[in-house]
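One structure below.
The figures here come from the full heavy-atom set of this structure, side chains too, leaving out hydrogens, waters and symmetry mates. Quick note on labels: first sequence line is chain A, next is B, and so on, each numbered from 1.
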Amino acid sequence: MSGGCSIVWFRRDLRVEDNPALAAGVRAGQVIAVFVWAPEEEGHYYPGRVSRWWLKQSLSVLDSSLKNLGTSLITKRSTDSVSSLLQVIKSTGANQLFFNHLYDPISLVRDHRTKEVLTNNGIAVRSFNADLLYEPWEVLDGDLSKCPSETIILEDESEKGSNALLARAWSPGWKNADKALAAFMNGPLLEYSKNRRKADSATTSFLSPHLHFGELSVRKVFHILRMKQVLWANEGNTAGEESVNLFLKSIGLREYSRYMSFNHPYSHERPLLGHLKFFPWVVDEGYFKAWRQGRTGYPLVDAGMRELWATGWLHDRIRVVVSSFFVKVLQLPWRWGMKYFWDTLLDADLESDALGWQYISGTLPDGREFDRIDNPQFEGYKFDPNGEYVRRWLPELSRLPTEWIHHPWDAPEYVLQAAGVELGSNYPLPIVKIDAAKSRLQEALTQMWQNEAASRAIIENGLEEGLGDSSEADGAPIAFPQDMEMEMDENTLRAAPTTTTIRHYEDQMVPSMTTSLIIRGDEESSSSEVGNFAEDSRIEVPINQMARTGNMQPQVDANATTGLPDSYHLQAESSNTSRASSRERDGGVVPVICNLNARSWKVEDNFGFLFSGPSLI
DNA sequence: GAAGCATTGCG
DNA sequence: GCAATGCTT
């Protein structure tokens, strides 16, 4: 061992194999492994409960692996990563820092600053692309006595009950990731293509959280896939080949999401198609709440939303269904939906989710048409032909015959009665009818083009920007709802369908916050329709029924999922972290990803793997 | 009841 | 943009 002592800064590369930064540290001599928990730096993308739970487990596995190698993981609680790193450097006398690249807008800025500050402090900083194969097998030798770990709290008391259930379904940590990878590659991958249409099949990889936290090297995944590809091609196994290709595409999509995030650091908050900023999104917290709670009246959507809330996980197909419904039928601002995914998904991944929501929203140049509406009824019979998925997550519909399970509003009264379904009472009528959504969408698009033309005219006339009631057309996004508490009156069941829709014309995307746009849900007629349920009629999540594969039998306890997210809060953005990202992103922190361009990963080709990339889960 | 036309689903 | 389905006369 020569040289000095180096810091290896772990972030979302929580593995010891195939880890270039760690390998470099080992080569350089003594290694001090550090993880800094500084969630405040993430602005309003503070990791959600299930995501933090995963992190906690994963760090613990990493720590024990490092201990086996003769060192351990030092954790620091901080509001400023850079000063924490400096502190560790001072107390250990390290003179080098190694880390692997991240590509989300916040990391790009932070890592750039880290490099700058530490370099100015005489520290050699090197960063790496972690998509390379390394075998860093040497014994580490870190003197940690001068640098105590701090306890970082990733789980508070109130979360323990719910989190306990996660452990029955998932095994975080790089060693487990490796096992999961092998299990998938040797098993479900073969039938992956065949089964991908089923919402409820357990044939997805379930690798997305492992990949998000860097417990797996994507490079390794890629190599295994290629080996399978060659093997099955030689055997003439077309089904297997098709599956591999499909999976490779999803890996590609993940790469593409990093590419997009790096080159368009605003893509998590602004549409890539300029005219979409003139789209009159429906700012209706009642709709938003109904969607979150799985009370839209469309069984497939509702089943998905309840699964998400109860388990932190959703099949990719269903992610597409619920997000498409969110944007096209409810016409809610897609950033709200994205934020909710961020808060609730176990594999929440800013880059992948931004790509997914942008694609679904039709705000990508190569996305799907904006005026296309997917019909959850048809999608229901496609992805859940026997209604098993719906019955699992919507107990109130469990006795409904398959014929009506995806469109109970059409069912004859006697059928509903026999099934114990009372529409508008124990299950809502459709919150928005598809036909109404279609015409509303057309109107909105017309409006959008008018707004754009008006805006252009104003700019051409040399006037300062200003659009209708939007005095901040340049910088006013639609704020995240701050408070979801809404009065819901049981007596307003079967309220008249919404006849008016309140819209806001501001660009929801440009960073900077305002709360003045928020509409109280109870000011809207629609909210009463949403309130088809009494507030306390919490959905009972079915027990022991979560579909998962093989020996992992996740169980869901109704007590642990204390009701649906009716009091869910989206905090208004307070930081303007992302504002800086576009200016600083080219500061040399992260190299441009080689051999990647948007065309080679055309989104259309990858439909179905949008969220969390190779997550397909 | 066949042919021509329009609408809708879908990648 | 195409194919399938439904609707009209």
* Heavy atoms only: give me the nearest Asp384(A)-Tyr389(A) pair and the separation to one decimal. => OD1-N, 3.0 Å

What nitrogen or oxygen pairs link the protein and nucleotides 8-10 of chain B at under 3.5 Å?
unit_1, atom_1, unit_2, atom_2, d
dG9(B), OP2, Lys438(A), NZ, 3.3

* Asked: So, the side chain of Arg254(A) versus the backbone of Leu211(A): is there a donor-acceptor pair under 3.5 Å, distance only?
  -> yes

* **Polar side-chain atom of Thr363(A) near backbone of Gln358(A) as donor-acceptor pair, under 3.5 Å** => yes

* Quick one: list whatever passes side chain to side chain contact (heavy atoms under 4.5 Å, CB included) with Arg399(A), sequence neighbours left out. => Ala419(A)

* **Listed partners of His406(A) passing ring-ring contact (aromatic ring centres under 6.0 Å, His included), at least two apart** => Tyr381(A)

